[in-house]
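To keep things clear, I will list the structure first and then write my remarks on it.
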Amino acid sequence: MKILVTGATGFVGGALVRRLVAHESPHLLRVDVALRRPERALPAGAAQHLVGDLSGDTNWQEAIEGVSIVVHCAARAHVVGPAGDSLAAFRAVNVDGTLHLARCAAAAGVKRFIFLSSIKVHGEATVAGSPLRHDDACHPKDAYGLSKLEAETGLRRLTQGTGMELVVIRPPLVYGPGVRANFAALMNWVRRGWPLPLAAVHNRRSLVGIDNLVDLIVTCLTHDAAPGQVLLVSDGEDVSTTQLLRRMGSAMGRPARLFPMPCTWLTLAAAMVGRSDIAQRLLGSLQVDDSRTRELLDWRPPLSLDEGLKRAAGVLA
């Protein structure tokens, strides 16, 4: 079986390639990756194909030849700079680039297309205690979430007309070794012992460790019940920001130094410096109900939240 992974230099794609290359039966599995430029850091067992930028004009002919399954992890995420978050820029990569790849895959006889979407297609928040389900209405709030939703819609239409199987996975925040952005900043603050005004946050958020997400993707490669499904995924334990920080500290063997401050004050302070988005992630709730995924695929996340945090902190191999 030949698998093509896009986004192999990214956080999720890279972890997936490492897992596939380490497969217990390598003679039954060939892993190819599509790259913008040569990458020396990839595992030696992955064959590289240089395709350039992901767009509606990417030449997939060589990369897609003989492929049975495409796992599409490549995407445009948030980009800092002028017009970095423009809808047109996101659509060019996440919609046009994705659908062009899917059309080429279908024409080449690819059997299954696994698309890594995002929980952001549903929006940015939930009411605590009311987690999202796979069939809940979608109300994306930014260009990234909208582009992912448009890609999902286009993929469904395309695969219905070609017979190629489609699997859509919508993860919430993904963390693990090498994680960047806000999650990495939180871990760094706890590691350094910085006092944080987050001791009285009672939100509820779902997370998924990179090992758990990759395990689900690998399950979807061959599971008969996966095609045609939208799959939500999480570690299975929702936590408040306060609880998360304390458990980060426990994972690193360092106490989280937290003190209470009213959430209304924190929200106002964030708005004053133009970072209401950060306040939403720290103070708001975003829960997912992945029970259908677990039942449908008879799947359980292999690592607990605490084990995932230890992996992210470099404590657990």
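Annotation: the span from Asp96 atom CG to Arg91 atom CZ amounts to 9.0 Å, rounded to 0.5 Å. For the atom pair OG of Ser234 and CG of Leu132, the computed distance is 11.5 Å after rounding to the nearest 0.5 Å. For the atom pair CZ of Phe113 and CD1 of Ile69, the computed distance is 12.0 Å after rounding to the nearest 0.5 Å. Remark: Leu303 CG to Leu213 CG distance equals 12.0 Å, nearest 0.5 Å. Within the model, atoms CZ of Arg103 and OG1 of Thr159 stand 12.5 Å from one another, a figure rounded to the nearest 0.5 Å. How far CG of Asn212 is from CG of Asp235: 5.0 Å, rounded to the nearest 0.5 Å.
Judged by distance alone, with hydrogens and angles left aside, the side-chain atoms of Ser285 form a donor-acceptor pair with the main-chain N or O of Arg204 at under 3.5 Å. Asp215 places no side-chain N or O within 3.5 Å of a backbone atom of Pro301 that could act as its donor or acceptor partner. Put simply, the side chain of Arg205 gets close to the backbone of Gly284: a donor and an acceptor are under 3.5 Å apart. Thr241 places a side-chain N or O within donor-acceptor distance of the main-chain N or O of Leu282, the cut-off being under 3.5 Å. Of the possible polar contacts, none joining the Ser117 side chain to the Leu149 backbone as a donor-acceptor pair under 3.5 Å is found. Using modelled atom types, no side-chain atom of Lys120 and backbone atom of Leu146 make a donor-acceptor pair closer than 3.5 Å. A distance-only check finds a donor-acceptor pair linking the side chain of His122 to the backbone of Ala137 [under 3.5 Å]. Judged purely by atom type and a 3.5 angstrom limit, Asp289 uses its side chain to pair as donor or acceptor with the backbone of Ser291. In this structure a side-chain-to-backbone donor-acceptor pair under 3.5 Å is missing from Asn94 to Ala75. Although no hydrogens or angles enter the test, the distance criterion places no donor-acceptor pair under 3.5 Å between the side chain of Thr293 and the main chain of Leu231.
Ile119 has its side chain within reach of Leu232: a pair of non-hydrogen atoms, C-beta onward, lies under 4.5 Å apart. With a 4.5 Å cut-off on side-chain heavy atoms, Leu20 and Leu221 count as touching. Annotation: side chain of Leu116 is not in contact with side chain of Val71 (no heavy-atom distance under 4.5 Å). At a threshold of 4.5 Å between non-hydrogen side-chain atoms, the residues Leu266 and Leu283 count as touching. Looking at Asp142 and Glu124, their side chains come closer than 4.5 Å, going by heavy atoms from C-beta outward. Between Val288 and Thr126 the shortest side-chain heavy-atom distance does not fall below 4.5 Å. Side-chain contact check for Val110 versus Ile64: some heavy-atom pair is nearer than 4.5 Å.
Checking each of Asp306, Val190, Thr242 against Arg247 for a side chain to side chain contact (heavy atoms under 4.5 Å, CB included) leaves exactly one that passes, namely Asp306. For the side chain to side chain contact (heavy atoms under 4.5 Å, CB included) with Leu4, the lone residue among Val67, Val31, Val33 that qualifies is Val67. Remark: of the listed residues Arg292, His134, His223, Arg292 is the sole one forming a side chain to side chain contact (heavy atoms under 4.5 Å, CB included) with Gln229. Each of Ile169, Val208, Ile114 was evaluated against Leu216; a single residue qualifies, Ile169, per the side chain to side chain contact (heavy atoms under 4.5 Å, CB included) test.
The local environment of CG in Asp135 is crowded, with over 12 non-hydrogen atoms from other residues, nucleotides or ligands closer than 6.0 Å. Annotation: Asn188, atom CG; neighbour count of heavy atoms from other residues, nucleotides and ligands within 6.0 Å is above 12.
By the salt bridge (charged side-chain N to carboxylate O under 4.0 Å, His left out) test, Arg275 pairs with Asp277, sequence neighbours left out.
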Lys310 and Ser304: CA distance, side-chain angles, deciding distance, side chain to side chain contact (heavy atoms under 4.5 Å, CB included) verdict: CA-CA 10 Å; Lys310 289 179 180 179; Ser304 67; over 6 Å; no

List the steps, then state whether side chain to side chain contact (heavy atoms under 4.5 Å, CB included) holds for Leu99 with Glu150. CA-CA 10 Å; Leu99 298 184; Glu150 290 178 352; over 6 Å; no

Walk me through it: do Val12 and Ile210 pass the test side chain to side chain contact (heavy atoms under 4.5 Å, CB included)? CA-CA 7 Å; Val12 177; Ile210 185 68; 3.9 Å; yes

List the steps, then state whether side chain to side chain contact (heavy atoms under 4.5 Å, CB included) holds for Lys148 with Phe115. CA-CA 10 Å; Lys148 283 291 191 178; Phe115 179 57; 3.8 Å; yes

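Side-chain contact annotation: Thr98 with His72, donor-acceptor N/O pair under 3.5 Å present.
The cluster map of Ile, Leu, Val, Met, Phe, Trp and Tyr, joined by side-chain heavy atoms under 4.5 Å apart, puts Leu54 and Leu50 in different clusters. Note: the hydrophobic cluster containing Ile278 also contains Leu196 (ILVMFWY, side chain heavy atoms under 4.5 Å, direct or indirect links). Met272 and Trp265 fall into different hydrophobic clusters, where Ile, Leu, Val, Met, Phe, Trp and Tyr residues are linked whenever their side-chain heavy atoms come under 4.5 Å apart, directly or through other members. Following chains of ILVMFWY side-chain contacts shorter than 4.5 Å, one cannot reach Val121 starting from Leu166, and the two form parts of different hydrophobic clusters.
Annotation for Ser130 and Gln287: closest pair N-OE1, 4.0 Å, computed over non-hydrogen atoms.
Every pair passing ring-ring contact (aromatic ring centres under 6.0 Å, His included) that includes a residue from residues 159-178 is listed here, sequence neighbours excluded: Tyr175-Phe183. Within the structure, the salt bridge (charged side-chain N to carboxylate O under 4.0 Å, His left out) test picks out the following pairs touching residues 157-181 (sequence neighbours left out): Arg112-Glu165, Glu152-Arg170.
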